[in-house]
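Remarks on the structure that follows.
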Number of protein chains: 4
Amino acid sequence: MSGINKVILVGHLGKDPEVRHLDGGVTVASFPLATSETYNKDGKRVEQTEWHNIVLWRGLAEVASKYLQKGKLVYIEGKLRTRSFEDKEKVKKYVTEIVAENFTMLGRKSDFEQSPIAPANQSSEAKIEDEFTIDPSDESGDLPF
Amino acid sequence: MSGINKVILVGHLGKDPEVRHLDGGVTVASFPLATSETYNKDGKRVEQTEWHNIVLWRGLAEVASKYLQKGKLVYIEGKLRTRSFEDKEKVKKYVTEIVAENFTMLGRKSDFEQSPIAPANQSSEAKIEDEFTIDPSDESGDLPF
Amino acid sequence: MSGINKVILVGHLGKDPEVRHLDGGVTVASFPLATSETYNKDGKRVEQTEWHNIVLWRGLAEVASKYLQKGKLVYIEGKLRTRSFEDKEKVKKYVTEIVAENFTMLGRKSDFEQSPIAPANQSSEAKIEDEFTIDPSDESGDLPF
Amino acid sequence: MSGINKVILVGHLGKDPEVRHLDGGVTVASFPLATSETYNKDGKRVEQTEWHNIVLWRGLAEVASKYLQKGKLVYIEGKLRTRSFEDKEKVKKYVTEIVAENFTMLGRKSDFEQSPIAPANQSSEAKIEDEFTIDPSDESGDLPF
DNA sequence: TTTT
DNA sequence: TTTT
């Protein structure tokens, strides 16, 4: 029996993506993402920040490592996964991560142009877009009815 | 510049999916979906139903035509698309549709067993699941960190 | 029986919100929102823009009229509603709208500081936030247009 | 600066909700929720289940404690929150929870009629609905466990 | 610890 | 045109 396990986040990267290449040639990337919420408490603006562990696989990891950097604003869609691991003292611990299924960069063209990853001499064709969507399963065309 | 255009629905099919095969061999399916909302008005339970035009393409259309039928409860994720067309009197009109990107059947095994589309003599291996997820871009495996 | 009818959009306002005050003192605001999607077609970047009719009620309409303007980037959560109306020629037509349930402004603090709606002499206490979330309780009723 | 932190789940309760009344009179409820995913691996159906810690506050906790029980299928919308606590050995640990913002029961009327919480002699007027939506305003605060 |  |  199936269910739904979906997470939608808009926030800023706390660090550059950390990329690893596994034995089978599979790429994995991960980074922390902050989502902040501002609310009034006794007439004062309080900001509460939540940190999320984002994990991306294969093609998505490759694209993330190219385009995402510390500080960037990003929309992420994925699913929750809690896994256990042993720390250095061999104590079993749990982490909950968001396994990304697609992401979209939000923000300014200028952010990308200033970016250290965008070579200064790139052709206008190759310009990184203001906002950039990755969504492999996309479908379009004219509807016939 | 990109954005986000996402729809999430849980509701019942108003009709069996209508399937069409286009010239290029592409399959398209469509059906109406009802999402009902119940609320209290002056102490009485009022039900308000919203009807949605669901459209599915290619592989998703094929699976929908096999497993979905009038009355079934389904979770649908997709995007909004408004398109124009001419009616019989050549008047330009607009419709807003939900182009499905994946779906999950919700409900009971018994619903599927009673189903006219489930042949009585199928092996237990091929039994249609109580709930059934279609999500091509899915990714899993053990995380290496 | 209930269902789920949820829409999530991130896009730019096509116009300033249009605000109306109904007879009962209820405020309604509406504006078009564009969500753009960029994809590759035969090696070329193609941008496809979808336009959505956003409707906001009461408190949410008030806040929208204060903070949202043409061109701003906004996250909107709401539900789909299709309603019929008669055009000038008394022909029955249908529109599908997104009735907003909450929204969050995305973008730059500088956008807000430059804003014509932000008086230059406001105290720092009242400064409009870089991004700003509104999340009141849901609202419904008959749409007056 | 704000962001978006949203979780959407459809799954079954692993246990009855556990309800606590805090000193200030605030009610908190919590329960584990299972979301299962079925996929093909080498021609075999594999089921992977993810467990989520659901937390509900105040009015939402009250309604959950009345209507939700072990085994029920439910749609939950909420936000992620990771908090730290000390275990019995005074070791600092972290848990990630979903703080529910609203929920909808999915499933069959018969489920509710069989329910031990539905007194046999209630009038048909008071019958618990097949599916039932709760959508109060958001709630937050420090979790007491 | 759910569900099929 | 669904479902309860």
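Small disclaimer: the values here were computed from a predicted structure and weren't measured. The sequence lines fix the lettering, A, B, ..., with proteins before strands; numbering per chain opens at 1.
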Starting at [atom1] of [X] and ending at [atom2] of [N], how long is that distance when rounded to a whole Å?
X	N	atom1	atom2	answer
D/Leu13	E/dT3	CG	P	10 Å
D/Glu37	E/dT2	CD	C1'	16 Å
D/His12	E/dT1	NE2	P	17 Å
D/Lys70	E/dT3	NZ	P	7 Å
D/Asp16	E/dT3	CG	P	11 Å
C/Tyr94	F/dT1	OH	C1'	13 Å
B/Arg45	F/dT3	CZ	P	19 Å
D/Glu47	E/dT3	CD	P	11 Å

At 4.0 Å (heavy atoms only), tell me whether D/Gly71 reaches a base, stays on the sugar-phosphate, or touches nothing.
sugar-phosphate

Of the candidates F/dT1, E/dT2, F/dT2, the side chain of D/Ser36 sits closest to E/dT2

Let's see if you can work this out: which of F/dT3, E/dT2, E/dT1 has an atom nearest to the side-chain heavy atoms of D/Pro32?
E/dT1

For D/Ser36, does its backbone N or O pair with a side-chain atom of A/Asn5 as donor and acceptor, under 3.5 Å?
no

Counting distance only, does the side-chain N/O of D/Asp16 pair as donor-acceptor with the main-chain N or O of D/Lys70 below 3.5 Å?
yes

Sequence neighbours excluded, which residues qualify as side chain to side chain donor-acceptor pair (under 3.5 Å) partners of D/Asp87?
D/Lys93

Partners passing side chain to side chain donor-acceptor pair (under 3.5 Å) against A/Glu77 (at least two apart in sequence or in another chain):
A/Lys6, A/Tyr75, B/Lys6

Between F/dT1 and B/Trp51, is there a base-stacking contact, meaning the centre of the base's six-membered ring lies under 5.5 Å from the residue's ring centre while the planes stay under 30° apart?
yes

